[in-house]
Amino acid sequence: MAASGHLRIGELSRRTEVSRELLRAWERRYGLLRPTRSEGGFRLYSPEDERRIKLMQAHLERGLSAAEAARLALAEDAEAASVDTAPPLQRGARDLRAALDALDESAAHAAIDRLLAEVSVASVLREVILPYLRALGERWAGGEVTVGQEHFASNVLRGRLLGLARGWDQGVGPRALLACPPRELHDLGLIVFGLALRGRGWRITFLGADTPLDTLAATAGSLQPDAVVLTASTPEGFASNRDAIRRLARTVPLWIAGGGATSETAQEAGAQLLDADPLGAADRLAARAPHPADARLSHRRGPLLRPP
Amino acid sequence: MAASGHLRIGELSRRTEVSRELLRAWERRYGLLRPTRSEGGFRLYSPEDERRIKLMQAHLERGLSAAEAARLALAEDAEAASVDTAPPLQRGARDLRAALDALDESAAHAAIDRLLAEVSVASVLREVILPYLRALGERWAGGEVTVGQEHFASNVLRGRLLGLARGWDQGVGPRALLACPPRELHDLGLIVFGLALRGRGWRITFLGADTPLDTLAATAGSLQPDAVVLTASTPEGFASNRDAIRRLARTVPLWIAGGGATSETAQEAGAQLLDADPLGAADRLAARAPHPADARLSHRRGPLLRPP
Amino acid sequence: MAASGHLRIGELSRRTEVSRELLRAWERRYGLLRPTRSEGGFRLYSPEDERRIKLMQAHLERGLSAAEAARLALAEDAEAASVDTAPPLQRGARDLRAALDALDESAAHAAIDRLLAEVSVASVLREVILPYLRALGERWAGGEVTVGQEHFASNVLRGRLLGLARGWDQGVGPRALLACPPRELHDLGLIVFGLALRGRGWRITFLGADTPLDTLAATAGSLQPDAVVLTASTPEGFASNRDAIRRLARTVPLWIAGGGATSETAQEAGAQLLDADPLGAADRLAARAPHPADARLSHRRGPLLRPP
DNA sequence: ATAGGTTTTGTCAAGCTTTTGTACAT
DNA sequence: ATGTACAAAAGCTTGACAAAACCTAT
């Protein structure tokens with residue numbers, strides 16, 4: 001915080017070779033600088049201010065007008081933050097959220113690109129994407145976020161997650177068939193679950209949101225997956241399809257997960273229970289261990305799961 | 001959006017060597033330029049305006065009348081502005097090469113990011129990275145490219161490929177141990193091979209360039225991989241370590257690949273031959289089929305490979 | 001308590017070349033000094049007081065106001081007094097070492113990801129990566145670690161460091177061109193150095209290991225960097241290229257660093273000396289201050305460094 | 001191409017306040 | 001040693017100004 005100290009206008013002028021008057025003019029006219037003030041009213045400039053001046057100068061050098069140079073310097077500074085000492089994951093999460101809230105798709109992609117360069121996919125999912133989705137849900141419930149923002153964010157993230165998912169059906173591992181029951185439209189958690197399972201060596205076949213259960217049964221019949229996983233965000237997602245799910249569970253190794261998956265639902269449906277959290281669910285399925293609350297059903301495990 | 005900034009008429013005139021008056025005339029007469037205006041009424045030209053002027057000048061150079069030149073420039077610009085019709089892979093390859101040649105790391109990353117957003121990792125490797133590396137080798141041999149450019153490009157690509165490789169040791173597939181023999185420094189092909197093999201479900205352990213063969217043997221002893229793969233860019237890489245490689249081949253399932261791997265080398269070393277091309281080599285190893293030219297050794301296949 | 005001798009104001013004034021009046025003013029106005037009192041009421045200053053004065057003077061030197069300088073001096077002093085190695089860092093370092101020793105890449109990535117979730121890049125480099133690399137060298141020398149382990153760890157870390165490096169060529173700061181001389185293969189320290197310099201606002205162009213000096217000269221000619229930095233792990237790296245390095249130093253602002261950089265080597269080569277430690281070297285270059293041992297060459301500083 | 005008017009941008013000045021090193025009386 | 005005083009240096013705001021750059025219209 002107090003790492004490098006704030007400068008007064010004289011020293012800043014000396015360092016940047018910009019006159020004091022001009023520094024004040026740039027602040028007044030373009031808002032380029034945002035000094036705090038000393039108790040007596042002196043301007044105190046941060047290192048960020050100094051960086052913005054450097055940017056401004058670079059643009060002026062290129063022949064831009066002062067107004068244009070300042071506009072660019074401010075814009076770049078907002079996105080660049082090239083010298084940022086925050087932990088990368090925290091910084092990435094902050095940048096992503098700001099970009100999505102502002103409906104700025106390219107900034108969102110930039111934030112994700114940088115995150116993926118700096119940390120592993122699993123960490124991005126666990127520390128950034130999932131917390132963001134959870135917070136989004138809460139903010140939506142609290143009316144802090146518009147439906148438009150929610151749709152925008154969902155679509156951007158869906159695109160990226162599916163990009164990461166490319167080729168997740170290839171290889172030699174066990175195969176999982178993933179879907180949401182009819183009327184369930186929240187598939188982001190399901191994609192995250194698929195990615196996590198993929199990271200554990202599984203092959204994924206993804207049917208996505210709002211999948212009729214007869215279609216799911218037919219697909220499972222022809223694919224012969226090692227697990228079929230249904231996720232729903234509310235218990236109704238499972239409850240309103242109880243009979244079909246129960247039938248399905250008799251013919252395929254069926255697991256349920258997501259916010260709507262409870263041990264009662266699982267028992268009623270004759271399915272095995274995974275965690276509500278996609279990453280925990282992936283761990284559990286990879287270990288072939290049903291949720292503890294689902295213990296009564298564990299005898300089904302053996303017959304249902306073929307070895308890879 | 002605000003990426004590059006708008007120019008006023010003076011700077012545009014300076015850059016294009018077209019007088020201010022003429023710029024205004026071209027705007028009035030032909031609608032060649034479409035500047036926005038500042039609050040006070042100054043013209044603000046976009047980079048597209050600058051591009052149209054360049055086109056216009058080229059046509060004038062060829063002897064066309066101003067009216068005709070402007071008409072063409074506008075038409076071409078409209079075309080260029082519409083989606084770049086080149087296939088993504090071609091365009092990406094072109095952009096990547098231009099960026100790396102110019103030592104412009106950010107542009108190179110941007111090109112790769114765009115590619116990965118549009119096509120699969122396998123396609124990028126096959127259609128962009130590998131052709132680039134091959135062409136780099138040829139251009140280097142022909143003196144068209146400096147060692148500096150080659151080093152720069154290698155390091156940028158190495159970073160990206162190792163980024164894609166993150167987590168390639170996870171899962172349940174067969175395990176491969178990858179290395180280059182002593183003094184062999186070209187590990188990019190080996191990383192590409194590892195990525196391709198990973199795409200086929202294998203787990204990868206990567207030791208990289210310039211690996212002493214005794215440590216490779218020891219590591220293989222403790223890891224018990226399903227395959228050990230050595231790559232070298234020249235036959236000497238294998239030849240100068242013939243005896244050590246031969247000893248190694250007696251205790252581990254050894255395969256050789258890369259530009260230096262020939263059927264003679266393989267036979268001498270007692271190793272199995274993979275293709276020179278990393279992707280072909282990965283296909284072949286995943287199928288556990290040695291190169292046809294290596295048929296004389298095929299009897300070794302069975303005993304050497306443990307089932308996954 | 002009084003172990004190390006307390007000073008009275010006269011002696012402290014003499015040592016620090018700060019007038020008595022000013023010392024009292026700093027105490028009164030900023031609380032910078034906290035002298036105890038003799039029985040008769042004389043101020044008795046501790047060595048900590050003296051250290052704070054030195055810090056204060058350094059900040060004043062940099063152009064900070066007295067109030068700001070005092071604030072920083074007090075803050076830094078408090079920080080230095082607090083325990084430095086926070087638990088997450090210790091645990092991360094331990095996990096990373098265990099994972100890399102076991103050739104467990106995923107565990108290594110997980111450890112690094114955990115660190116990057118909580119701690120800045122700079123801290124990870126200083127407290128984890130560099131200590132690990134140093135220990136690795138020592139353990140390798142002592143035969144406690146195999147070359148295989150060393151290769152594996154290097155490649156994992158190289159991938160991560162290059163991931164953190166993405167975009168390090170962007171911005172408006174001074175530009176540095178980084179390379180190792182021919183036959184020098186240890187580029188990890190050079191990458192860490194680049195990251196540290198990046199953290200201080202520089203732009204980096206990275207050529208990496210084993211770079212021929214003529215291509216380095218050519219690249220420097222076209223890039224016109226503000227500094228060219230060569231690192232080698234042993235003095236031979238520089239010694240065996242002495243003449244070429246000397247020629248290079250005549251045309252570019254050349255600095256040498258790394259375990260092989262000594263004041264003799266620097267003098268012979270006509271280059272300026274940076275610290276062996278990458279972070280110290282980055283600090284020094286960012287401050288444009290040649291190594292004390294390099295004082296005899298300091299007259300070269302002016303002409304060699306173009307203003308950024 | 002020129003004339004006559006406007007906008008943009010860097011600089012300056014006047015009058016007053018804050019900060020900071022030093023001096024002095026007690 | 002303490003507390004107060006003081007003055008130089010550095011800063012603040014407001015307002016104005018002029019050169020450079022640009023506009024339209026002829």
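First the proteins, then the strands, lettered A, B, ... as listed; each starts at 1.
Atom CZ of A/Arg8 and atom P of E/dC12 are 9 Å apart (whole Å). In this structure, A/Leu23 atom CG and E/dG11 atom C1' are separated by 13 Å, rounded to whole Å. The distance from atom CZ of C/Arg20 to atom C1' of D/dT22 is 14 Å, rounded to the nearest whole Å. Residue C/Ile9 contributes atom CD1, which lies 11 Å from atom C1' of E/dT2 at whole-angstrom precision. In this structure, CG of C/Leu22 is placed 17 Å from P of D/dT19, rounded to the nearest angstrom. In this structure, the CG atom of A/Leu7 is 15 Å from the C1' atom of E/dG11, given to the nearest Å. When the P atom of E/dA21 is taken as reference, atom CG of B/Leu44 falls 16 Å away, rounded to whole Å. Following rounding to the nearest Å, B/Tyr45 (OH) and E/dC23 (P) show an atom-to-atom distance of 6 Å.
Partners of C/Tyr45 by ring-ring contact (aromatic ring centres under 6.0 Å, His included), not counting sequence neighbours: none found. Contacts of A/Arg24 classified as salt bridge (Lys or Arg N to Asp or Glu O under 4.0 Å), with partners at least two apart in sequence or in another chain: none. For A/Glu50, there are no side chain to side chain donor-acceptor pair (under 3.5 Å) partners, not counting sequence neighbours. Residues forming a side chain to side chain donor-acceptor pair (under 3.5 Å) with C/Arg166 (at least two apart in sequence, or on another chain): none. In terms of the salt bridge (Lys or Arg N to Asp or Glu O under 4.0 Å) criterion, C/Asp169 has no residue partners (sequence neighbours excluded).
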Step by step, work out the side-chain hydrogen bond (donor to acceptor under 3.5 Å, both in side chains) result for C/His59 and C/Glu76.
CA-CA 11 Å; C/His59 291 313; C/Glu76 286 169 6; 3.1 Å; yes

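In terms of position along DNA chain D, the nucleotide closest to C/Ser65 lies nearer the 5' end than the nucleotide closest to the other residue of the pair C/Glu21 and C/Ser65.
Legend: salt bridge (charged side-chain N to carboxylate O under 4.0 Å, His left out) pairs involving residues 30-43 of chain B, not counting sequence neighbours, sorted by first then second residue: B/Glu27-B/Arg43. Identified under the side chain to side chain donor-acceptor pair (under 3.5 Å) test for residues 9-19 of chain B, with sequence neighbours left out: B/Glu11-B/Arg14, B/Glu11-B/Arg15.
Listed by residue number, there are no residues of residues 10-18 of chain A with a heavy-atom contact under 4.0 Å to DNA chain D. Less than 4.0 Å separates DNA chain E from at least one heavy atom of each of the following residues of residues 25-43 of chain B: B/Arg37, B/Gly41, B/Phe42, B/Arg43.
At least one side-chain heavy atom of B/Leu32 sits under 4.5 Å from a side-chain heavy atom of B/Leu74.
Checking the phosphate oxygens (OP1, OP2) of E/dC23, a side-chain nitrogen or oxygen of B/Arg24 falls inside 4.0 Å.
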